[in-house]
Structures are given as C-alpha cells and as structure tokens.
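Just so you know, residue 1 is the first one in the sequence shown, and it goes up from there.
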Amino acid sequence: MSLDHVQTDSLLHAIPQPVLILDTQRDRVVDWNAEAASLFCDRPDATPKRFSTYLQSSLSHFVVFLEEMEHRGTSWTRDVQFYAQDGRDLRCEVHARPLRDRPGWVLLSLTDLRALDRRAEEAAAAETFRAGLIEWKRTETFFAELERQNQLILNAAGEGIYGVNAEGKTTFVNRAAQDMLGWTSEDLLGKDIHSMIHHHHLNGDHYPSQQCPIYRSFRFEQVNRIEDEVFWRKDGHPIRVEYVSTPIYDQQILAGAVVIFRDITERKENERKLRDALSEVAALRDRLEQENAYLQEAISSERAHHDIIGTSPAIRQTVKRIDLVAETEATVLIHGETGTGKSLVAAAIHKASPRARRPLIHFKCSSLVPEEVESELFGHVRGAPNGATRDKAGKLELAHGGTLFLDDVEELPIEIQGKLLAALQNRTVTRLGDTREKPLDIRVIASTALSDTQARKSSRIREDLYLFLNVFPISCQPLRDRQEDIPLLAAHLLRLACRRLNRPEPVLTEGVVNQLQSYDWPGNVRELHNVMERAAIVSQNRKLVIEMARAAPEQAQNISFRTEAQMQDLARANLIAALRETNGRISGPSGAAVLLGIKPTTLFSRIEKMQISRSDWG
C-alpha cells in the first residue's frame, strides 16, 4: 500500500460524515469511511459494490451532476436518488469535487437528509415550542402573505412566465402563460415542460431538449433571447413566440431558469400578409413595366401608323366583318397570305372593342425557337426548369383584361398548342416552375397563313385548337386580287415613308401606278411598303423612281435574255422572297433553305454576300 493511499485512508476515516472516493472511469468505489459503509450497507466494515448499483434509475441524473461538477469545479445536489444494498432508498445531499492528481477520481461527501430533516424538525419543534404557538402562527401568516403577493405580481403580468428547475421540471406558471398555452398549472407543475410545449419546430422537425436555449440557460448559465420560435398549445395548435430565458440561483447555486414569453402569432401573420402584398405589388410593377415596354415597341412599329386602306369589295367586306365582331368577345381567326395585313385587322378589332383601354399583346408564334416559346407564352418563376433567374410574366398574363393576338398560330409547337388550349378553355395560366394558377381574362385573335381547307388537312395545327379559334373567320385577300387598292395604298405608304425619312414626297404618276398594278406582289402589302420606302430614298427632285424586285410579267415576255447584273438582282429578289415567305426563318422544315433547295450554310453565305438585312424582307 502506497504512502498516498495510507494518507487518503487516514483522512477519509477522520471525517465524521459519509465520504467516499469514486473512480468514475471504472465505476468503482476506491475507498469509503465507516459512515459511508454504514449508510449504504448498514455495516461499517462492508465492502463496496460497483457504484452504479447504488444509483439504479438515477444514473442519468448523476451523470448530469458530474458534468456540472466538471464545468464548475465543484457541485452539489439533492436530486440524485441512492439505494442501499438492502433496497432502502436513501435521500442524500451530495457534494462532489474532482481529485486533480487522479483523473476520473471524485471525492463525494454525503449528508443523510432524513437524519438532517429529523434534526431540523426536532430543532424547529423545540424553537416553536419555546417561541410559542402565537409566534409560529404569525410566521406562517407572514410567509403565506408573501407567497400570495408574489403570485399576484406574476399573475398580473401580461407576458407568459414560467419557471423550471435544473431537471427541466416546471416550478411555477403564471395566469397569462396558462391562457396563451391552454395548459393549467396542474397540467404543467412538476412535469417536463419542454416535452409538452416545445417539442417540435414549426416545420414538424423534432426539437431535442439539448438544443433548446432554455435548457442552456440553467445548464451553462446563459441568458438567451429568442425572437421567433413556437410553443404548442394543449389543443395541438402552435403559437409563434419570442422569449427570454434567464438562469436563477438559490444561494449562488444554479437552480433553474425563468422564461418570459410573448405571443407574436398575430404580428407574424401581419408581417406575412405585408410580404405577400409587397410581392403582389412587385409582380404588378414588373407586369406594368413589361406592358409599357411592349406598348412602346408597338407605338414605334410601323403597324401603329397604318390604317386599313382600300375601296375594293374585298376590303369593304373585311371592314364590315371587323365592325360586326369588334364589340363582341368572340374569338377571331384571320386567314391570309404573308404580308396581307392580318396584324392590322387584329389591331382594328381590338381598337374598336370594349378592351381598347387594355393592351393588345402581339405574340409572333414563329419568332422563337421551340424551347423558348413556352416560357415566353406562359411566363416563369425564378428557379424554373429553364434556368430563370427572375420572375417574368408571359404573354398570356400580360394580355389579362385585354387582347392576345397569336400571329401565325400554326407555327406553335404541337405540344405547346395543347397546353395553350387548356389555358384558354380553363381561363387560368400557370407559370413555368410554379404551382399557383392565375385567373385569365383575355380575348383571343389568331392569324394563320393557311386557308381553311389547308388548316383542316394540315398536321401543323391541332384540330381542337383550330375549332376553338375559328369562331369568327376573317379572310385577308392578297394584293394581286384587289389591284384597285394599289394606288391608295402606294400613296399612303409613300407619304409615311417620306415623313419618317424626312424626304420630300414625290408625285405618284399614272405610269408608276400602272407599273405597280402590273406586278403580282408575292409579298403583298409588306412588299409594296418596301418598294415605296426604297422609292422615297432613291427619288430626286420629286420625280418618283420605282425599283421593283423583279420585272412585271408583261415585261418578262418581251425579254429573251438578261444581263449578269439582272441575274444577280433576280437571285437577290428570289432569296428575299423566300425569306419573306418564311418570315426570316432560314433552317428547319419550314425554313427558306428548304424552299430554295439549298443547305442552310449556303443560304447564310449568300445572305452575307448579297448584303441582305432584315429590312429587305421584314
């Protein structure tokens, strides 16, 4: 036996109260004095067993007690329940201090509380007896009044207040807390309050007590201020709360914590409503900005300056049908070749309709690659499958309250046609990446370069969509079938071109009119517009000079040969005509390269070589 052990043994047995040395790493009693042996075994010479056998169900409480000792350097508790070898339960106050030179060794000093209580009761009885029954009554009344006053103060507070001891058990609950939580003091006192009101987060995730700021208050002496968590009412409903948890002490010993909380459910709901309102305002602002940009584009485009010009029977019939349908909400389908003025007819219908104060949204169905059509038509939210970085309203949303013009509807991808039909029939639209449906109040006008027979036989447009759109058909006749309108149209377009280019307006002579009427105008009014704009540029001294894209049929019959320059002009005009026919689309099944029977790369090369720009065919 070492000298240290002898000295330790001597010291232990000199202490008059139960003392033992515990090796926590091996769960064994290194040594104890006779008082400790008598306490646990009823014999001063008994051999100790494994220390955990004296704890049984209190082992977890003892581990927490040791953690506090490690944190503070010393600790004491009355909450650890010990058991003697014969099964008796021992109620003790235990003090602990680590032996610094022996890792894992702890010096435990125990006080038998039953014996202490007996001595205290005997002393108190003796004192009471000496002081007399009246004095004892006065003391009892004083403390009862003090407790009553404290309860009145707690219950008068508007915030919820409750206390927990070092075990997390509820020690008091004021009236405001009971009202907010729906639990009574009988429900909560002495119970683990975390498992009753603080067990889950709002999203349903479990909330372990070890992560709870309230528990950290009385375990690590921290004041914690939490601005947004939830407590759970007795009826199972959550309330949003902000709270402060503060450690409390009993004679400088950390005894628990007091929690003061406030119900902020209504405030959070108002904040959510405000956020939703601001989001709606932002969405409306974005929509108005897009509408404004669209309207500015429409104002600057040439169709904003055009009217339906002409006196031919075809034009009179078109105007009559516009007047018939404009005041109604009927869906209109406009048939006509490229360049016959289908956009002008759509604009005229909208302008004369009750929706004229709202925008006419023009969607050119052939202007985008198929991958972009859906997003442009239906809109998207940030993070949508197309990789969008911000929310954007589609053409359907922009047309809400107004008119949507689907130009060249047969160019829409078939799969998009089905989705479009569903949106128009259900009168709702859902952005890409979103699940929320938005109401849709629009009038639909569509156009197609296909005749009614072609549209019904073609696979380019779904039959159900065609039937939905073809409520009130309007046909735009080609310019070659209404040559009597050419003089009026030519004069009108020449006037507009000269005004825009700031050029003097030449005289439109009878000879020029005859030249214009002898041409078959495959590009229709759009081609006539280009011819008159070129005339405004090249004409000098008010003498109108017309540069036709190709010779008139009558002139071609008298020419047996052409110069190289003429052949180049014809090739250039033919290429422009193909681009005009496909609205500038070069590749693909309906592109100009297929019409011309050449490769798209070859067509690109010729466009660059001939210096053809969009203004030549647009």
Side-chain angles (χ1 to χ4, degrees), residues 8-121 123 164-169 171 190 192 215 218-221 247-257:
T8 301
D9 182 75
S10 176
L11 287 172
L12 283 180
H13 291 279
I15 299 173
Q17 66 187 69
V19 178
L20 61 87
I21 296 176
L22 172 63
D23 183 353
T24 60
Q25 297 178 352
R26 295 180 176 83
D27 187 21
R28 70 185 184 91
V29 177
V30 178
D31 199 359
W32 60 10
N33 62 6
E35 286 75 13
S38 298
L39 183 64
F40 287 97
C41 302
D42 236 359
R43 289 188 300 110
D45 58 345
T47 301
K49 294 183 178 181
R50 294 178 60 189
F51 187 75
S52 58
T53 62
Y54 302 117
L55 293 169
Q56 297 182 18
S57 61
S58 292
L59 179 58
S60 59
H61 296 295
F62 187 75
V63 171
V64 173
F65 168 66
L66 291 179
E67 289 178 355
E68 181 182 355
M69 178 204 68
E70 289 292 335
H71 178 70
R72 298 172 60 86
T74 182
S75 184
W76 72 274
T77 185
R78 292 184 176 184
D79 295 330
V80 176
Q81 184 73 40
F82 293 97
Y83 297 87
Q85 287 187 3
D86 60 1
R88 291 178 295 107
D89 61 311
L90 304 175
R91 193 163 61 87
C92 298
E93 178 182 289
V94 55
H95 290 253
R97 183 182 301 274
L99 298 180
R100 297 301 180 187
D101 57 338
R102 291 299 185 103
W105 284 26
V106 178
L107 178 66
L108 297 180
S109 173
L110 299 100
T111 301
D112 186 350
L113 292 178
R114 283 196 175 91
L116 188 63
D117 289 344
R118 285 194 300 270
R119 291 195 295 271
E121 288 171 1
V164 292
N165 62 19
E167 300 297 328
K169 303 296 178 59
T171 57
D192 178 6
Y215 274 56
F218 60 76
R219 286 180 179 168
F220 305 109
E221 302 183 62
I248 55 177
Y249 300 86
D250 182 5
Q251 297 181 357
Q252 298 184 344
I253 300 298
L254 189 61

Check your understanding: Considering residues, nucleotides and ligands other than Arg50, do more than 12 of their heavy atoms fall under 6.0 Å from its CZ?
Key -> no

Review point. Looking only at atom types and distance, does a side-chain atom of Thr74 sit under 3.5 Å from a main-chain N or O of Ala96, one as donor and one as acceptor?
Key: yes

Review point. Sub-3.5 Å donor-acceptor pair from the side chain of Gln81 to the main-chain atoms of Leu90, do we have one?
Key: yes

Review point. Could you state the interatomic distance from CG (Asp79) to NZ (Lys169), rounded to the nearest 0.5 Å?
Key: 9.0 Å

Check your understanding: For Tyr215, which residues count as a ring pair (Phe, Tyr, Trp, His ring centres under 6.0 Å) partner, sequence neighbours excluded?
Key -> His194, Phe218

Exercise for review: Assess whether side-chain contact (heavy atoms from CB on, under 4.5 Å) is satisfied between Gln85 and Tyr54, documenting all intermediate values.
Suggested key: CA-CA 7 Å; Gln85 287 187 3; Tyr54 302 117; 3.0 Å; yes

Point to revise | Nearest heavy atoms of Pro44 and Ala37, plus distance in Å | key: O-CB, 3.6 Å

Check your understanding: When rounded to the nearest 0.5 angstrom, what is the spacing between CG in Leu108 and CG in Leu66?
Key -> 7.5 Å

Check your understanding: Taking all non-hydrogen atoms of both residues, which atom of Pro98 and which atom of Gly73 are closest, and how far apart?
Key -> CD-O, 3.3 Å

Practice item. Could you pull out the closest heavy-atom pair between Ser57 and Ser60, with the gap in Å? Key: O-OG, 4.4 Å

Point to revise | Heavy-atom closest pair, residues Ala257 and Ile248 | key: N-CG1, 3.7 Å

Practice item. Evaluate the side-chain proximity of Phe51 to Val106: yes if any heavy-atom separation is below 4.5 Å, no if none is. Key: no

Check your understanding: For Arg88, does the CZ atom sit with more than 12 other heavy atoms under 6.0 Å from it, leaving out its own atoms?
Key -> yes

Review point. Judged by modelled atom types alone, do Ser109 and Gln17 share a side-chain donor-acceptor pair under 3.5 Å?
Key: yes

Practice item. Kindly write out the residues that satisfy side chain to side chain donor-acceptor pair (under 3.5 Å) with Arg119, not counting sequence neighbours, or none if the list is empty. Key: none

Review point. Heavy-atom distance under 4.5 Å between the side chains of Val19 and Leu107, does that happen here?
Key: yes

Practice item. Drop me the distance from Glu68's CD to Glu221's CD, to the nearest 0.5 angstrom. Key: 8.0 Å

Practice item. State the CG-CH2 distance between Leu39 and Trp32, to the nearest 0.5 angstrom. Key: 9.0 Å

Check your understanding: Side chains of Phe40 and Leu20: does their closest heavy-atom pair fall under 4.5 Å?
Key -> yes

Revision key, fill the gap. Looking only at heavy atoms, the pair that brings Phe65 and His95 closest together is CZ-C, 4.5 Å

Review point. Under a 4.0 Å N-O cut-off, is there an ion pair linking Arg114 with Asp89?
Key: yes

Review point. At what distance, to the nearest 0.5 angstrom, does CZ of Arg78 lie from CD1 of Ile253?
Key: 11.0 Å

Revision key, fill the gap. Rounding to 0.5 Å, atoms CG (Asp117) and CZ (Arg91) come to a distance of 4.5 Å

**Study point:** Ser52 side chain to Asp27 side chain, donor-acceptor N/O pair below 3.5 angstrom
**Key:** yes

**Study point:** Validation row: Leu22, Trp105 side chains within 4.5 angstrom (heavy atoms)
**Key:** no

